[in-house]
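One structure, as C-alpha cells, below. Some questions next.
Proteins get letters first, then strands, A, B, ... in listed order; numbering begins at 1 in each.
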Amino acid sequence: MKRIIQLTINDKEYEVAVEPNQTLTDMLRYELGLTGTKKGCEVGDCGSCTVIMDGIPVNSCLVLAMQANGRKITTIEGLETEKGMHPIQKAFVEKGAIQCGFCTPGMILSSKSLLDKNPNPTEEEIRAGISGNLCRCTGYQKIVDAVKSVGK
Amino acid sequence: MLLPKFDFHEPATLEEACQIMAEYGTRAKVLAGGTDLLVDMKKKLSTPKQVVSITRIKEMKKIETSPDGLKLGPCFTVADVAASEAIVKRWRALCAGAKALGNPLVRNLATIGGNVVTASPSADLPPSLIAYGARVVLKKTSGERVVSLDHFFLGAGLTEIAPDEILTEIQIDAPPLYSGAGYINEGIRKCRDCNVVNVASFITLDGPDGFIKNARIVMGCVGSTDLRAVSAEKLLVGEKPSETLFARAGEAAMQEAAPRGSAESRASAEYKKDMVGVLTSRTLHLAWKEALGH
Amino acid sequence: MSGYDVIGTEAPRIDAPDKATGRALFIDDMTMPGMLYGALLQSPLAHARIRGIDTSAAKQLPGVKSVVTWEDAGLVKYGVSPARYDETIFCHDKVRHVGDNVAAVAAVDLETALEAVSLIKVDYEDLPAVFTIEQAMAEGAPLVHDIYPRNISAEVHNEFGDVEAAFKECDLIKMTSLVNKRQDCAFIEPQGCIAYYDHSGTLTLYSSTQVPHYTQRSVAMVLGMPIGKVRVVKPYVGGGFGAKASANHMELAACLMSMKTGKPVKMNFEREQVFYHGRSRHQFFHTMTTGVKRDGTILALKHECYMNGGAYSSFGIATVYYAGSLLGGPYKMPNMKYDGYRIATNLPACGAQRGHGGVIARGCWEQQLDMIAEELGMDPVELRLKNIMTAGDITCNDLNMSSLGMKECIEAVRDASEWKNKKGKLPRGKGIGMACGFFVSGAGYPIYRSDTFHGTVVIKLTEDGGTALVYTASAEIGQGSDTAFAMIAAEALGIPLEMVRLESGDTDFGVDLGAYSSRQTLMTGHATKEAAEDVKRQVLEVLSKELNVPMEDMDIKKGLIVFKKEKPDFSGLRTRYIKEHRGWVDNPGAEDELSFREASRIAYLARGSIVGTGKYKPPELGGKFKGAAVGTSPAYGCSAQIVELTVDEGTGRIIIDKMVDAHDCGRAINRTSVEGQMQGSLSMGMGEALFEEVKFDARGRILNADLAEYKIPSALDMPPTEVIVVESNEPNGPFGAKEVGEGNIMATIPAILNAVYDAVGVRIYELPLNPERVHKALKEYKQKNKI
C-alpha cells in the first residue's frame with residue numbers, strides 16, 4: 001500500500017506517495033522527473049544511479065523509497081545553482097571527462113563526496129573513490145584528471 | 001527490474017522489531033543495508049511478504065569499544081568498519097576485509113550484520129571475525145542468546161538464526177598481547193569483485209618475538225561455509241614463526257580446503273586450493289608482522 | 001601552425017554541459033502521454049520446437065493492451081547483411097538460443113506487462129543443442145538453421161600471392177594460435193526505445209541505437225511500410241561499441257505494438273537481456289603460420305580462423321571477412337592465405353564490437369611476431385620498424401594506405417616508455433611489451449549493396465543571420481561526433497564554434513549510415529564540410545554581387561568577412577542590417593569589419609533561406625576478388641602501444657602499471673576527443689585481455705549476465721595512460737582526419753601478452769589472462785623447466 005514520505009531533495013522539501021517496492025531511483029526518475037539519476041544495472045553493480053543520501057553516496061537502486069523518508073538527498077540536478085555549474089561539473093566538461101555521459105551523474109556525485117571528505121586526493125585515492133562507478137567510454141583517465149584539477 | 005510486492009516495516013525499537021519477526025517468522029526478512037536482500041528480491045530469488053528494516057533503530061548502528069573488546073550493532077556499515085580508527089588499531093584484518101568488500105558505494109550501504117547473516121562463503125568479513133573469535137547476539141521476544149561465529153554458519157545462506165530472531169550485536173574480544181591477524185582476498189579485479197578465495201589468519205605469540213601460542217586460520221570460498229584450517233593451526237602452535245613455517249602451514253591448509261570447481265564458480269578447485277596455500281602463508285606473514293608490533 | 005581556427009583545438013564538447021548536469025535526455029528519460037510499457041517473452045531453452053503458444057490468459061489480464069507473436073508480426077526475415085537475413089521479430093517454428101524472442105506484451109504499466117508475459121504459455125519440444133564449434137560441426141549435428149549445412153553460416157577462402165611458394169624462401173616459419181572468449185560490449189546504458197504510430201500513419205521510433213538509418217530500413221522492410229513513413233530518432237545514447245549497430249527485436253516489437261494500439265510503447269532491456277541480445281565480439285580460434293627471412297622480412301602468412309557465431313548471422317559475414325583482411329597491414333607482406341569459418345550455435349548471436357573482427361587476429365599475430373623477433377635475435381620494435389608500410393603502400397589484399405604514420409607511432413611509444421632501458425631488463429615479475437595495429441576509417445561499402453551516399457548533411461543559416469544549423473542523421477553515441485561535425489562546419493564556414501548549432505541522429509535529416517566501422521569523422525565529416533562550403537559559397541556569391549568584389553577575393557574567417565585585396569565600402573550593407581535591428585544593443589560599429597552575421601542576413605534577404613548540402617560516398621575501392629569489399633576504406637588509422645605490468649607469481653594476478661599509446665588519426669579534429677577515444681580503447685582492450693568473458697552453463701544459459709561477474713575494468717584497474725596523437729594529414733579525410741575510435745584497441749591485447757612474456761617467460765594462447773589462467777601457465781612452465 002502506498003504511504004506518504006517526506007524528504008529533502010536538492011534542498012527542496014517533497015511529499016511523495018510511494019509503494020513499498022518502489023526504489024529510490026524509480027521514485028526520483030518516474031515520480032519526480034529527476035532523470036539525471038540513471039539506471040544501468042539496477043542491482044548495485046554500475047553506480048550510475050548514485051545519489052548522496054545524508055552526505056553519503058549510495059546506489060539509489062538499492063534503497064527503498066520508504067527508506068529515504070526524512071532523509072536529505074542530493075541528485076545531479078542539485079549541483080547546479082543559479083551561479084552555474086558546480087566546479088566539479090565544470091571540470092568534467094573542460095577536461096573531456098564526459099563521453100556518452102551515462103555514468104557521468106553518478107561519477108560526479110561520487111567525486112563530490114570524495115572531495116568533500118578529502119579536498120586534495122592523490123590519483124590513487126581518486127581512482128579508489130570512483131571505483132563504484134563504472135565507465136565504459138573514457139578509460140577513466142580524464143575523469144581522474146578532472147577530479148584532480150578541482151582538488152588543487 | 002521490479003521488486004516483488006511486500007509490506008514494509010520500519011520499527012523504531014528492537015522490541016517492536018522482535019514482535020514483527022515473532023508474528024511473521026519465515027514470511028519476513030530483516031533488511032539492513034539491502035545490498036544482498038534487495039538484489040535477491042529483484043532477481044526473484046527471495047520473495048518475503050514482509051520486509052523489516054532495522055536501520056532506524058538507534059542501537060543497531062552502535063560501536064562500543066572497551067579494553068575488553070568491541071561491540072558493533074549489525075547496521076554498522078562496512079564503510080564505517082573500514083574507516084574506524086578503533087577497529088584498524090586492534091582488529092586490522094577486519095578492517096582489511098571491510099576495505100576489500102565490493103566498492104565504495106556498496107560499502108556505504110552494506111552492513112556488518114548483513115555480511116554475516118547472508119552467510120555467503122565468499123563474504124569478506126566472516127573470515128576475520130571467525131579468526132578473532134567473534135560472537136553474535138541473537139534476540140527474540142522471549143530472550144536472547146550468544147553464539148560463537150565458529151558455530152553460527154551452517155551452510156551457504158544458512159545460519160543458526162531462527163525465523164523469529166534478529167542478530168542484534170557482534171562481539172569481538174580484544175586480541176591478547178603479541179597477537180596479530182591478516183586478511184587477503186583474491187578476486188579478479190582490484191575492487192568490486194566477489195572473491196575467488198579469501199583467507200584470514202590470527203596468531204598469538206607467547207612473548208615478544210616468541211613462539212606461536214595460538215593460531216586460527218579461516219578459509220573462505222572453499223566450502224559451503226568458511227572453514228578452519230585446523231591441521232595448519234596445529235602445525236603452527238609451539239613453533240617459532242618463519243616464512244618456511246608459514247609455507248608449510250599453507251600446504252597443510254590446502255589439504256583441508258574442499259573447494260568445488262565448476263563452470264558456475266569463479267575458479268577451478270585446483271586454483272582455489274593453490275590460492276589457499278598462497279594466501280594462508282601471506283596472511284600468516286601479515287599476522288606475524290602485526291604481532292611483532294609492525 | 002595548421003592555419004585552422006577551430007579544428008585541432010581542445011574545445012569542450014557541445015553536449016558535455018547537459019550531460020554533466022543530468023539534463024541530457026537518454027531514452028528511458030523520455031515519456032509520452034498515454035504511453036504503454038512493453039515486455040518481451042524470451043525463450044528459457046537453447047533449442048526447442050514451438051508446438052504452440054497460448055496467449056489467452058495474458059490477453060485477459062486487466063491493463064494489457066496488446067499481446068503479439070509471430071502470427072501478428074509476420075515472418076519477414078531481416079538481419080544485418082541481406083545475404084544473411086535469418087531473423088524474424090518472433091520465432092515461429094523453433095527457438096534457437098536462450099533469450100530468443102517469442103512474444104511481446106504492451107500494458108498500462110511495466111508490472112502488468114511483466115505479469116502478462118508470465119501468463120503466456122509456450123509448448124516447447126526440447127531439441128538437442130550445439131554450443132561449441134566442435135559440437136556444431138560434428139557429423140550429424142543438429143542444424144541451427146536448415147540453410148547452413150554443417151552449421152557454417154559463412155566461410156571465406158582467399159589467397160593473395162603464393163603462400164606455400166613463399167614459405168620455401170623463408171628462414172623461419174612459426175605457427176601459433178590464440179583463442180579468446182565471447183565478449184559483451186557492456187555499455188552502461190541498456191538498450192531502450194519508444195515507438196509511436198500516430199494518426200497520420202507515421203511511425204516514429206526513438207531508440208538507443210548507433211544506426212538510425214539501418215534501423216529505419218529494417219523497421220520499414222519488416223513491417224511493410226514505406227521508408228518515408230518511418231522516422232527513427234536517436235536521443236543521447238549511453239555507449240554502443242557495436243552491439244547497438246543494428247535493429248533489435250525489442251524495437252520492432254515496440255513498433256508493432258504501437259501500430260496495433262495507436263499508443264506510444266516504451267520498452268527497455270534489463271541488463272540480463274543486454275547479454276542475451278549479445279551481438280558483441282565473437283569467440284575466435286585463430287591459427288597462424290608466418291614465414292620470415294633471417295633479416296626479419298615478413299614473406300607470408302597462412303591463417304585459419306573459426307568463429308563461434310551464435311544463433312543468428314548478425315554482422316557475422318562481415319566479421320569473418322574482417323578477421324582475415326585486417327592482417328593485410330600495417331606490415332609489408334606479399335603473400336597471405338586465409339580460411340575463415342563462422343559457425344552457428346545455439347547461443348545468443350555475436351556481432352560487431354570495437355575493432356570488428358580484427359582484435360583477436362591482431363592479438364594472435366602480434367604475439368607471434370614477438371616470438372619471431374626473439375628467435376631471430378631482433379628487438380621486437382626493430383622487427384616491426386623493418387616491415388612497416390608507409391603512406392602510398394598497398395597491401396596484398398588491395399587496401400590502400402593513403403596515409404600511415406606507423407613509424408611515427410612506434411617511435412613515439414618507444415621513446416615515451418624508455419623501451420630500450422626496459423625491454424628484457426626489468427626485474428622478474430615485471431615486464432614490458434609492445435604491439436601495433438591498424439583499422440579502417442569507415443567501411444568502403446554500405447551493409448546492404450547500394451550506390452547510396454554514406455552521409456548527407458544539410459546546413460541552413462538562420463534567417464536572422466549568424467547561426468549555422470547543421471542537420472545530420474549521424475549518431476552521437478558518446479564518441480563526440482556531434483562536436484566534431486560542429487567544429488568541421490565552423491572551420492569550413494569560417495565562423496566560431498559558438499555560432500554553430502547541430503542536430504543529429506534523426507532520419508528526417510538525411511541519410512547517414514551511422515556510428516560503426518569508425519566511419520563518421522571521415523564520411524559525415526566530408527559531407528559536413530561540403531555543406532558548409534556550399535553555404536559559404538552562397539553567402540559570398542550574394543556579397544560579391546552586392547559589393548562588386550570577385551568571389552575569389554573574399555573569404556570568411558573567425559566570423560568576419562575577409563577581403564583579400566582592397567576593402568570595399570560595405571557601409572550600405574551595414575546600414576541595411578542595422579535598420580532591421582533597431583533596438584539591438586550589439587549592432588556593429590562603423591569601424592568594425594563586416595561580419596558573417598551581417599553577410600548571411602543580406603544573403604537571406606537576397607535569396608531566401610540559405611541552405612547548403614553536402615554528401616559523401618567513397619570512391620570505388622578494393623580488388624575484384626570475392627569479399628574484396630570488406631576491409632576496404634578510404635583511409636586507415638594506425639597505432640602502436642607499449643604496456644608495462646607486474647605479474648604476481650603466487651596468485652597469477654596481473655597488474656597493469658602503465659600504458660603508452662600513439663595513434664595516427666590523420667588530423668585531430670578535437671584533440672580531447674581523440675585522446676578520449678584512445679584511452680577508452682585501452683580500457684576495453686585491457687578488460688578483454690585480463691577479465692572479460694561471457695560464461696555459459698551446459699544448457700546455454702549465461703552464468704554472468706550482469707556487471708558484477710562480467711568484469712569490465714574499474715578506475716582502480718586502469719593504470720595511468722599516456723596517449724600521443726600522431727597526425728599524418730590523410731589526403732582522403734576532411735581536413736586530413738581519419739579514424740581513432742577502434743584502431744587503438746588492436747594493439748592492447750598483444751602488448752599485454754608480450755609484456756607477460758617479458759615479465760615471467762610464459763607465452764599464453766588463451767584469453768582472458770585472469771589470475772587462474774596465468775597461474776596455471778606459470779605452474780606448467782615451472783614443472784616443464786623444473787624450477
Side-chain angles (χ1 to χ4, degrees), chain A residues 21 29-30 33-48 75-80 84-86 88-108 123-124 126-144, chain C residues 10 12-13 15-26 28-31 185-190 236-241 268 270-271 476-480 659 670-673 675-684 686-687 706-709 712-718 720-721 723:
Chain A
N21 67 345
R29 289 177 55 77
Y30 305 134
L34 295 169
T35 53
T37 303
K38 301 300 180 200
K39 291 191 349 179
C41 74
E42 302 189 69
V43 288
D45 292 331
C46 75
S48 53
T75 70
I76 191 65
E77 289 89 348
L79 259 56
E80 200 182 0
M85 284 190 280
H86 189 281
I88 301 172
Q89 291 173 313
K90 273 190 206 154
F92 268 60
V93 170
E94 280 159 18
K95 295 285 176 186
I98 300 171
Q99 289 190 25
C100 85
F102 203 76
C103 75
T104 305
M107 201 61 93
I108 287 176
E123 173 150 350
E124 195 63 16
I126 295 169
R127 288 181 182 276
I130 60 170
S131 61
N133 300 81
L134 289 175
C135 169
R136 189 61 152 170
C137 295
T138 65
Y140 304 101
Q141 186 65 51
K142 289 188 187 298
I143 295 173
V144 172
Chain C
E10 300 179 328
R13 287 172 56 143
D15 53 352
D18 273 359
K19 288 175 173 176
T21 52
R23 297 179 189 211
L25 288 184
F26 294 81
D28 190 45
D29 304 336
M30 298 167 61
T31 52
C185 288
F187 33 73
I188 310 299
E189 182 211 28
Y236 283 119
V237 169
F241 311 111
N268 285 309
E270 289 182 359
R271 179 56 63 178
E476 168 67 77
I477 58 169
Q479 78 281 48
M659 301 172 102
N670 183 309
R671 198 162 271 274
T672 310
S673 291
E675 291 174 358
Q677 284 300 303
M678 295 169 72
Q679 290 159 339
S681 286
L682 294 177
S683 170
M684 188 175 278
M686 191 267 224
D706 58 51
L707 295 177
E709 296 291 327
I712 68 171
S714 76
L716 272 173
D717 299 300
M718 273 310 286
T721 53
V723 291

- [ ] Check whether A/Thr138 gets within reach of chain C through its side chain, its backbone, both or neither, counting any heavy atom under 4.5 Å.
- [x] backbone

Open item on the list: Any heavy-atom pair between the side chains of A/Cys100 and C/Glu189 that's under 4.5 Å?
Closed with: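 A side-chain contact under 4.5 Å is absent here.
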
TODO: Look at A/Arg29 together with C/Asp29 and state whether they make a salt bridge at an N to O cut-off of under 4.0 Å.
DONE: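 Judged by the 4.0 Å cut-off on N to carboxylate O distance, A/Arg29 and C/Asp29 do form a salt bridge.
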
Indicate every side-chain donor-acceptor pair of residues 677-684 of chain C with a distance under 3.5 Å to a residue at least two apart or in another chain.
{"unit_1": "C/Gln677", "atom_1": "OE1", "unit_2": "C/Arg354", "atom_2": "NH2", "d": "3.1"}
{"unit_1": "C/Gln677", "atom_1": "NE2", "unit_2": "A/Gln99", "atom_2": "OE1", "d": "3.3"}
{"unit_1": "C/Ser681", "atom_1": "OG", "unit_2": "C/Arg354", "atom_2": "NE", "d": "3.2"}
{"unit_1": "C/Ser681", "atom_1": "OG", "unit_2": "C/Arg354", "atom_2": "NH2", "d": "3.3"}
{"unit_1": "C/Ser681", "atom_1": "OG", "unit_2": "C/Gln677", "atom_2": "O", "d": "3.1"}
{"unit_1": "C/Ser681", "atom_1": "OG", "unit_2": "C/Gly741", "atom_2": "O", "d": "3.2"}

Open item on the list: To the closest 0.5 Å, what do you measure between CD (A/Glu94) and OG1 (C/Thr672)?
Closed with: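 Rounded to the nearest 0.5 Å, the CD-OG1 separation comes out at 10.5 Å.
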
Task: Residue pair C/Asp28 / A/Lys38, side-chain heavy-atom distance below 4.5 Å - done: no

Open item on the list: Under a 4.0 Å threshold between the charged nitrogen and the carboxylate oxygen, would C/Glu675 count as salt-bridged to A/Lys142?
Closed with: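 Salt bridge flag = yes for C/Glu675 with A/Lys142.
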
Task: From C/Ile712 atom CD1 to A/Leu134 atom CG, the distance as rounded to the nearest 0.5 Å - done: 4.5 Å

TODO: Return yes if some donor-acceptor pair links the side-chain N/O of A/Arg136 with the main-chain N/O of C/Cys185 below 3.5 Å, else return no.
DONE: yes

Open item on the list: Looking at chain C, which one of A/Phe102, A/Tyr30, A/Phe92 has the largest number of heavy-atom pairs inside 4.5 Å, strictly under?
Closed with: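 Highest number of heavy-atom pairs under 4.5 Å: A/Phe102.
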
Task: Nearest heavy atoms of C/Ala20 and A/Gln89, plus distance in Å - done: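 Heavy atoms only, the tightest pair is O-NE2, 2.9 Å.
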
Open item on the list: A side-chain contact here means heavy atoms from C-beta on lying under 4.5 Å apart; do C/Leu716 and A/Glu124 qualify?
Closed with: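 Counting from C-beta outward, C/Leu716 and A/Glu124 do come under 4.5 Å.
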
TODO: Please confirm whether the backbone N or O of C/Thr21 pairs with a side-chain atom of A/Glu80, one donor and one acceptor, at under 3.5 Å?
DONE: no

- [ ] Check whether A/Tyr140 gets within reach of chain C through its side chain, its backbone, both or neither, counting any heavy atom under 4.5 Å.
- [x] side chain

- [ ] First locate atom SG of A/Cys41, then atom CD1 of C/Ile188, and finally report the distance between them rounded to the nearest 0.5 Å.
- [x]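 A/Cys41 SG to C/Ile188 CD1: 8.5 Å, rounded to 0.5 Å.
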
TODO: Go through the atoms of C/Ala708 and report whether side chain, backbone, both or neither lie under 4.5 Å from a heavy atom of chain A.
DONE: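 Answer is both: backbone and side chain atoms of C/Ala708 are under 4.5 Å from chain A.
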
Open item on the list: Please classify the contact of A/Ile108 with chain C as side chain, backbone, both or neither, using a heavy-atom distance under 4.5 Å.
Closed with: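 The answer is the side chain of A/Ile108.
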
Task: Side-chain (C/Arg13) to main-chain (A/Gly96) donor-acceptor, under 3.5 angstrom - done: no

TODO: Go through the structure and list residues passing salt bridge (charged side-chain N to carboxylate O under 4.0 Å, His left out) with C/Arg671, not counting sequence neighbours.
DONE: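 Result, salt bridge (charged side-chain N to carboxylate O under 4.0 Å, His left out) vs C/Arg671: C/Glu727.
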
TODO: Please report the closest heavy-atom contact between C/Ser714 and A/Ser131, naming both atoms and the distance.
DONE: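 Answer, listing the atom of C/Ser714 first, then A/Ser131: CB-O, 4.2 Å.
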
Open item on the list: Heavy-atom pairs under 4.5 Å with chain A - which of C/Met718, C/Glu270, C/Glu10, C/Gln479 has more of them than the others?
Closed with: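 Counting heavy-atom pairs under 4.5 Å, the top option is C/Met718.
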
Open item on the list: Can you tell me which portion of A/Lys95 sits under 4.5 Å from chain C's heavy atoms? Options are side chain, backbone, both or neither.
Closed with: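 Looking at A/Lys95, just its backbone touches chain C.
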
- [ ] Give the member of C/Ala186, C/Pro12, C/Ala24 that has the highest number of heavy-atom pairs under 4.5 Å with chain A.
- [x]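 The candidate making the most pairs under 4.5 Å is C/Ala186.
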
Task: Heavy-atom pairs under 4.5 Å with chain A, option from C/Pro720, C/Ala715, C/Gly238, C/Gly478 with the top count - done: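 That would be C/Ala715.
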
